[in-house]
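Start at 1 and go down the list; that is how both ligands and their atoms are numbered. All values below come from the heavy atoms of this structure, side chains included, with hydrogens, waters and symmetry mates left out.
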Amino acid sequence: GKGEYDHFMHKEIHEQPTALAQAIEGRIDHGSGRIALEDFEPGTFEGIESVQLVACGTSYHAALYGSLALNAAGIRATALLANEYSVSAPPVDDDTLVIAVSQSGETADTLNALRQARASGARTLTLTNVVGSTAAREADDALFIRAGPEIGVAATKTFSSQAVMLLLLAQRLADDVRGEPHADLDSLLPELAAMPDRIDAILEASTADRVARRYADSESYFFIGRGLGFPVALEGALKFKEITYEHAEGFASGELKHGPLALVTPETPVFAIFTGEEDEKTLKNAEEAQTRGAPVVAVCPEDHRAVAVADDHLRIPETDADLAGLLANVQLQLLSYHAADLLDRPIDKPRNLAKSVTVE
Ligand code: F6R
């Protein structure tokens, strides 16, 4: 049941500290300081030359996050929309690892892409929440995010767990393929272990309800970020439109000036995500919107210079650039939740949507 919560979505947002602790549990070898993924002996991924991640919706945003982490770790990786795969798949061979990212493991579009990749000779891996799901059974290998059941149609905790698992997988792949994990592992592993506490801190002190109320009558909601903040901007906008029925869009910060700036008015709040990757550029992009009258809400740590510039602030604890976007995402989940609650939307079951999309 929902326990003390009015909605499963709210409950599941609050389950993220536990979900992430479960995802990480036993998967970091603190002795060697390396990633240990149960079924994958060291060397499992030797010979892999490139990775394609296929997914839809929120899982696609996690896949995009993962592709950036893989590239940063020196592995060629691309995130692809599973529903586009049949018409636009890049070439694959037996040195290609195709990773299906799917909470349910039953999404028809993702299963189609997985089957096509297998038929083309790629090696396949499914990252999913559901043991025994079709995608888990059909891929060569499966890796489970262990987030626990997610009932709300809007994916929340599973996004965070997918992204964290892809960060771990990126390090394992780098270890196998390049003979060494990504150089920043010494700082990343303790930061990963601290994620549950950091998310708890956000859940206890979030002002997302106040911010949601302040901008409740807006025309459109924009989310911007760069680097790992970009998939989070896309995810922030998807969650917002999905449960509030208000128009929302996510952009790469640098894209604003290439068209979307024409839409910016005092009625279009801009939520700017700062992850520590070229934040000064993102701040400049946000200020360009502010100059046109848009209120700017900075999602960043307390002592960040964006706080003084922005009209409002959603605070996240300091962490690695690899993880800051996931903390920002928790604030954006809360923002969407409270905005939808104010509008009295059926949060756990938005109109026209299903938890598991088994049609093409
Ligand atoms: C959005 C949402 C959907 C799913 C998408 C893929 O909140 O939940 O966009 O992410 O339908 O579903 P899975 O991950 O089950 O393949």
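Atom 3 (C) of ligand 1 has Thr58 N, 4.0 Å as its closest protein atom, hydrogens excluded (heavy atom only). The protein heavy atom nearest to atom 6 (C) of ligand 1 is Cys56 O, 3.4 Å. Of all protein heavy atoms, the one lying nearest to atom 11 (O) of ligand 1 is Val357 CG2, 4.1 Å. At the shortest separation from atom 14 (O) of ligand 1 among protein heavy atoms lies Ser59 OG, 2.5 Å. Scanning the protein heavy atoms around atom 13 (P) of ligand 1, the nearest turns out to be Thr107 OG1, 3.2 Å.
Qualifying salt bridge (charged side-chain N to carboxylate O under 4.0 Å, His left out) partners for Asp320, counting only residues two or more places apart in sequence or in other chains: none.
Of all the heavy atoms of Thr158, none lies under 4.0 Å from any atom of ligand 1, so neither backbone nor side chain is involved. No part of Glu106 comes within 4.0 Å of ligand 1, judged by heavy-atom distances. The proximity of Lys355 to ligand 1, defined as any non-hydrogen pair under 4.0 Å, does not occur for either the backbone or the side chain.
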Could you please spell out the steps behind the side-chain contact (heavy atoms from CB on, under 4.5 Å) verdict for Leu283 and Phe274?
CA-CA 8 Å; Leu283 185 55; Phe274 296 92; 4.0 Å; yes
Can Phe271 and Val211 be said to form a side-chain contact (heavy atoms from CB on, under 4.5 Å), step by step?
CA-CA 11 Å; Phe271 294 84; Val211 173; 3.9 Å; yes
Would you sort out whether Ser86 and Gln116 count as a side-chain contact (heavy atoms from CB on, under 4.5 Å), showing the intermediate values?
CA-CA 7 Å; Ser86 57; Gln116 184 183 330; 3.7 Å; yes
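Among the atoms of Ala155, some N or O lies under 3.5 angstrom from an N or O of ligand 1.
At least one test fails for Arg172 against the ring of Phe40: distance under 6.0 Å to the centre or angle within 45° of the axis.
Shown in contact with Ala154 at under 4.0 Å from a heavy atom are these atoms of ligand 1, numbered in order with element: 7 (O). Close contacts between ligand 1 and Val153 involve ligand atoms 7 (O), 8 (O) [criterion: under 4.0 Å to a heavy atom]. In the vicinity of Glu242, heavy-atom distances shorter than 4.0 Å reach the ligand 1 atoms 1 (C), 2 (C), 7 (O). Counting the atoms of ligand 1 from 1 in the order shown, those under 4.0 Å from a heavy atom of Lys239 are 1 (C), 7 (O).
Around the CZ atom of Arg305, the shell of radius 6.0 Å holds more than 12 heavy atoms that belong to other residues, nucleotides or ligands.
Across the listed options Gly105, Ser104, Pro350, Ser104 owns the non-hydrogen atom lying nearest to atom 15 (O) of ligand 1.
The only option from His14, Glu12, Glu15 that meets the side-chain hydrogen bond (donor to acceptor under 3.5 Å, both in side chains) definition with Lys157 turns out to be Glu15.
For Thr156 and Gln333, the side-chain atoms include no donor-acceptor pair closer than 3.5 Å.
Judged by distance alone, the side chain of Ser88 and the main-chain N or O of Glu84 form a donor-acceptor pair under 3.5 Å.
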